[in-house]
*Asks:* 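Got a structure for you, questions after.
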Amino acid sequence: MPGYDRGTMSTQRERRDLALVVPGETDYLYLIRDFVCAVARKMGFPDQRVGEIEIAVDEACANIIEHAYSKVPSAGRVIVARYPDGAMQAITLRVSVFSNRIELRILDQGPDFSISELGDLDLSAFTTGDRKRGMGTYIIRNFMDEVHHTYHPGVGNELTLVKYLSQA
Amino acid sequence: MKELRITTEPTKAGGHAVQVVRVAGYIDAHSFPRFEQEMLALINQGSYRLLLDLREATYICSTALGLLMSVFRQVRHNAGDLVIAGMSDKIANIFNLLGFSKLIRAFSTEEEALQCLAMTEGQ
């Protein structure tokens with residue numbers, strides 16, 4: 001993929017790569033979740049950790065659909081992001097399985113958007129205030145061991161989530 | 001993973017009317033609108049004692065959890081309560097991370113949850 005940086009990737013043996021491409025619509029989020037859960041379970045992550053990976057990936061993909069691929073009303077018209085031939089923009093999930101970790105790369109074709117732009121979360125806004133949305137970023141950051149964002153100009157965003165298999 | 005199915009059934013606890021909301025399947029960005037519609041309808045009709053049965057819930061997104069907290073505040077404001085029965089360990093883990101478990105009570109069984117609602121003072 002153009003601009004894809006392999007410089008920091010491990011050269012550990014036994015690495016396996018899988019990929020899933022779905023339309024950028026909420027209808028397909030269940031496929032992404034089922035896919036990552038199956039891979040994480042096979043790697044030996046315990047159920048609770050599988051659940052953490054599941055929600056982190058789902059929240060990241062939902063963010064893409066809402067923010068990068070959102071329908072933007074303009075002068076009364078609804079604009080939906082599409083390719084010139086009418087195809088819906090996609091979400092690509094690339095999963096790299098290492099002996100000690102899972103790396104999930106979520107790629108979109110939207111404008112530059114980093115979850116780091118969504119500021120630090122004050123949970124009290126949800127428990128005592130009126131805020132209902134925005135916890136996804138907090139969940140991603142707390143449930144994943146590493147979170148990295150890269151924007152590839154002319155291509156889109158790449159969000160990398162890493163979780164290590166615990167030795168305990 | 002099963003699509004969302006929501007059913008609501010009335011019952012009584014301690015002489016008070018209770019609505020039991022049974023959730024099966026997943027609540028994600030796709031199915032959230034239906035869940036939101038169901039919960040807000042209960043609030044709008046004045047049902048403030050709510051039991052959320054999550055025994056068959058397989059996934060709940062953060063937006064739905066945020067809605068639960070909003071509903072909780074509304075029912076408590078009206079002297080009611082929202083309790084949860086049968087939350088899986090996976091969902092409980094997220095609940096705990098967000099600090100919601102300090103406010104919204106969760107029980108293993110529906111019976112325990114109903115007993116809690118029976119003791120809630122108010123209308």
Side-chain angles (χ1 to χ4, degrees), chain A residues 22-38 40-41 45-67 69-70 91 118 121-144, chain B residues 1-5 23-40 43 54 56-77 81-82 84 87-106:
Chain A
V22 299
E25 296 175 303
T26 58
D27 312 49
Y28 298 93
L29 286 172
Y30 80 96
L31 275 178
I32 291 174
R33 293 195 305 273
D34 284 357
F35 176 59
V36 299
C37 284
R41 276 194 203 100
F45 280 100
D47 286 348
Q48 186 161 299
R49 302 290 169 252
V50 172
E52 292 171 358
I53 294 168
E54 177 188 26
I55 193 169
V57 173
D58 180 81
E59 295 287 342
C61 293
N63 275 343
I64 290 170
I65 295 168
E66 179 175 357
H67 296 287
Y69 293 166
S70 63
I91 292 174
L118 303 172
L121 195 68
D122 176 13
L123 281 180
S124 66
F126 296 92
T127 53
T128 59
D130 288 333
R131 190 168 179 180
K132 300 185 192 67
R133 292 175 174 265
M135 287 179 286
T137 306
Y138 181 84
I139 288 169
I140 292 167
R141 288 209 177 116
N142 276 274
F143 279 165
M144 302 306 293
Chain B
M1 202 175 270
K2 291 188 294 185
E3 284 256 13
L4 177 65
R5 282 180 290 112
V23 173
Y26 58 81
I27 308 174
D28 66 1
H30 184 64
S31 55
F32 171 75
R34 276 202 292 135
F35 177 66
E36 182 181 42
Q37 187 178 34
E38 190 77 27
M39 298 303 291
L40 294 184
I43 297 297
L54 296 182
E56 293 185 53
T58 57
Y59 177 79
I60 299 181
C61 67
S62 66
T63 307
L65 292 172
L67 174 69
L68 284 183
M69 182 53 66
S70 174
V71 168
F72 173 75
R73 287 198 304 272
Q74 290 181 70
V75 299
R76 289 298 290 256
H77 182 71
D81 204 354
L82 165 70
I84 294 175
M87 189 160 54
S88 68
D89 289 344
K90 177 178 82 169
I91 296 173
N93 186 34
I94 301 159
F95 221 62
N96 293 339
L97 173 73
L98 299 174
F100 290 2
S101 50
K102 296 176 186 172
L103 296 170
I104 301 177
R105 284 170 292 183

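Order of the sequence lines sets the chain letters (A, B, ...), proteins ahead of strands, with each chain counted from 1.
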*Asks:* With rounding to the nearest 0.5 Å, note down the distance linking OG1 in B:T58 to CD in A:E54.
*Replies:* 7.5 Å
*Asks:* Hey, what do you get for CD1 (A:I32) to CG (B:D28), rounding to the nearest 0.5 Å?
*Replies:* 10.0 Å
*Asks:* Mind checking the OG1-CD spacing from B:T63 to A:E59? Nearest 0.5 Å is all I need.
*Replies:* 6.0 Å
*Asks:* Examine whether an atom of A:Y28 lies under 4.5 Å from a heavy atom of chain B, and if so say whether it belongs to the side chain, the backbone or both; otherwise answer neither.
*Replies:* neither
*Asks:* Looking only at the side chains, is there a donor atom on one of A:E52 and B:N93 sitting less than 3.5 Å from an acceptor on the other?
*Replies:* yes
*Asks:* Give, for atom OH of B:Y59 and atom CG of A:L29, the distance between the pair rounded to the nearest 0.5 Å.
*Replies:* 8.0 Å
*Asks:* Output the distance between atom CD1 (A:I140) and atom OG (B:S62), rounded to the nearest 0.5 Å.
*Replies:* 8.5 Å
*Asks:* Nearest heavy-atom pair of A:T26 and B:H30: which atoms, and what distance?
*Replies:* OG1-ND1, 3.1 Å
*Asks:* Does any backbone or side-chain atom of A:N142 lie under 4.5 Å from a heavy atom of chain B? Answer side chain, backbone, both or neither.
*Replies:* side chain
*Asks:* Please test B:D89 against A:D47 for side chain to side chain contact (heavy atoms under 4.5 Å, CB included), starting from the C-alpha separation and ending with a verdict.
*Replies:* CA-CA 9 Å; B:D89 289 344; A:D47 286 348; over 6 Å; no
*Asks:* Which bit of B:I60 is near chain A, if near means a heavy-atom gap under 4.5 Å: side chain, backbone, both or neither?
*Replies:* backbone
